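Written out below as structure tokens is the structure these notes cover.
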Amino acid sequence: MADDVREEELPGYEEVAAYLAQLEARHQVSANTLKGKHADLMAYLRWAHRQQLDPFATTHKRLRLYLADMDRAQYAKSTVNRHLSSLKGLFAWLAETGARREDPASVLSGPKLPKRLPHALRQEETERLLAVNRVLIDADPDDPIPLRNQAFLEIVYGCGLRISEAAGLELDSVSFEAAQVKVFGKGSKERIIPVYPLAIETLRRYLRHGRPLLAEKAKPGERALFLSTRGNPMSANALRLVFNEARAAAGVADYYTPHDLRHAFATDLLQGGADLRSVQELLGHSSLSTTQVYTHITPEHIAQVYRDTHPRAL
């Protein structure tokens, strides 16, 4: 059985490994994205091995068979598209480097996805979420955990951060003088985001009274902004748990995720009058169309804008 073959023994493994290695060396993708591409491409190599096909001496018709097999196996359309994206990147690289003449993946398109608006916390829900740890801080100002958790929630909402970006923050990421945060987003792209005063004050309080206690168990010279009770840098999963605890305590619906706090950031800015191009820069999107999907305006807001701006409605 092909699935019993070790990855290193699969035909095409060396090419895939070289492709992923150059992506990592160029810092073009995050560690999670790299891990996902590895899984996608190994799945393709195993499929080709089962079909007794050379994975690279192939045609777009054979690649369509692979996608059709995934569809028959009832993979989600988004999963099929992700696998196709991984294949497109690999075949394009093989063509660019001269390892292969043809790029059969370039003409393929994946299944159409239905357009869905993302969840975005309403302002009232966001306020409840951000109030949870303030109550705990007032009850015990010396407890470093609520100080840390509040700083995390304020900075994610205040800057529209991805959870991975929050996990990657270090001590020198925050400029208190300029009230700004330096963030490295997807593809290690750097952006500078202004921070509202309350978030800056919350971060300052955490760094003065919370983090030093957590850092007592940390390794010498540890620079991560958010530390666990053991003094370790908090991972994205650990910060996700912090969000979930606050969400549950605030009585906010359990389908919300930390990413929805990022959605709320964008939606609240737009409803406050920000232009889409500025929001795109703050979110770190390379394409304006991504920002348009990421954010949504409520019908009530659209109606209010109409009433306020149409000459016949004034």
Side-chain angles (χ1 to χ4, degrees), residues 24 27 30-35 126 128-186 188-250 257-262 265 282 284:
E24 184 175 22
H27 304 289
S30 68
N32 283 339
T33 300
L34 197 68
K35 185 178 179 181
T126 301
R128 276 164 39 205
L129 187 72
L130 296 177
V132 168
N133 285 288
R134 293 193 197 115
V135 174
L136 298 176
I137 292 169
D138 290 342
D140 187 358
D142 297 323
D143 187 347
I145 304 304
L147 289 171
R148 180 202 66 198
N149 294 352
Q150 184 65 18
F152 157 67
L153 292 171
E154 290 281 5
I155 202 68
V156 169
Y157 174 63
C159 298
L161 301 186
R162 301 176 178 94
I163 191 75
S164 58
E165 293 171 345
L169 292 176
E170 297 186 345
L171 291 174
D172 58 1
S173 299
V174 183
S175 170
F176 289 96
E177 295 77 15
Q180 294 176 336
V181 172
K182 180 169 62 177
V183 178
F184 289 94
K186 288 185 175 181
S188 296
K189 292 180 181 177
E190 180 184 306
R191 67 187 193 276
I192 306 295
I193 309 173
V195 193
Y196 55 74
L198 180 57
I200 281 289
E201 182 53 38
T202 304
L203 280 167
R204 182 180 281 114
R205 189 173 181 182
Y206 162 62
L207 288 176
R208 286 178 178 172
H209 306 293
R211 192 182 182 281
L213 296 175
L214 299 172
E216 289 177 358
K217 296 181 180 180
K219 295 178 181 178
E222 177 58 64
R223 303 296 296 168
L225 181 61
F226 297 116
L227 298 179
S228 71
T229 53
R230 296 182 179 180
N232 298 320
M234 294 189 73
S235 66
N237 283 337
L239 291 174
R240 200 169 280 112
L241 289 175
V242 170
F243 174 88
N244 288 339
E245 288 174 1
R247 176 194 50 71
T257 70
H259 217 64
D260 295 318
L261 205 53
R262 175 170 157 88
F265 163 82
L282 290 168

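Values below: every heavy atom of this structure, side chains too, minus hydrogens, waters and symmetry copies. This structure is a prediction, so every number in the text was calculated from the model and none was measured.
Residue pairs meeting the side-chain hydrogen bond (donor to acceptor under 3.5 Å, both in side chains) criterion with at least one member in residues 203-222, sequence neighbours excluded, are Glu201-Arg204. Screening residues 129-146 for salt bridge (Lys or Arg N to Asp or Glu O under 4.0 Å) gives Arg134-Glu154 as the qualifying pairs, with residues at least two apart or on separate chains.
When atom types are taken as modelled, the side chain of Arg247 and the backbone of Thr257 share no donor-acceptor pair closer than 3.5 angstrom. At distances below 3.5 Å, not a single donor-acceptor pair connects side-chain atoms of Arg262 with backbone N or O atoms of Val156.
Taken from CG in Leu203 to CZ in Phe226, the straight-line distance is 6.0 Å, to the nearest 0.5 Å. Between Ser173 atom OG and Ile193 atom CD1 the span is 10.5 Å, to the nearest 0.5 Å. The OG atom of Ser164 sits 11.0 Å away from the CG atom of Asn237 when rounded to the nearest 0.5 Å. Note that SG of Cys159 and NZ of Lys182 are 14.0 Å apart. Values are rounded to the nearest 0.5 Å.
Between Ile163 and Leu239, the shortest heavy-atom distance links the atoms CD1-CB, 3.7 Å. Closest approach of Val195 to Ile200, counting heavy atoms only: CB-CG1, 3.9 Å. The two residues Phe152 and Phe243 come nearest to each other via the heavy atoms CE2-N, 4.2 Å. In terms of heavy-atom proximity, Thr202 sits nearest to Leu198 at OG1-O, 2.7 Å. The minimum heavy-atom distance between Leu227 and Leu214, with the atom names listed, is O-CD1, 3.4 Å. For Ile155 against Leu161, the heavy-atom pair with the smallest separation is O-CG, 3.8 Å.
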**Steps toward side-chain contact (heavy atoms from CB on, under 4.5 Å) verdict (Leu282, Phe265)** = CA-CA 10 Å; Leu282 290 168; Phe265 163 82; 4.0 Å; yes
**Request:** Carefully, step by step, assess Leu261 and Leu129 under the rule side-chain contact (heavy atoms from CB on, under 4.5 Å).
**Result:** CA-CA 10 Å; Leu261 205 53; Leu129 187 72; 3.9 Å; yes
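In this structure, Val132 and Pro146 have side chains that are not in contact, with every pair of non-hydrogen atoms separated by 4.5 Å or more.
Contacts of Arg223 classified as salt bridge (charged side-chain N to carboxylate O under 4.0 Å, His left out), with partners at least two apart in sequence or in another chain: none.
Considering Val174, Leu225, Leu147 as possible partners of Leu207, the one that fulfils the side-chain contact (heavy atoms from CB on, under 4.5 Å) test is Leu225.
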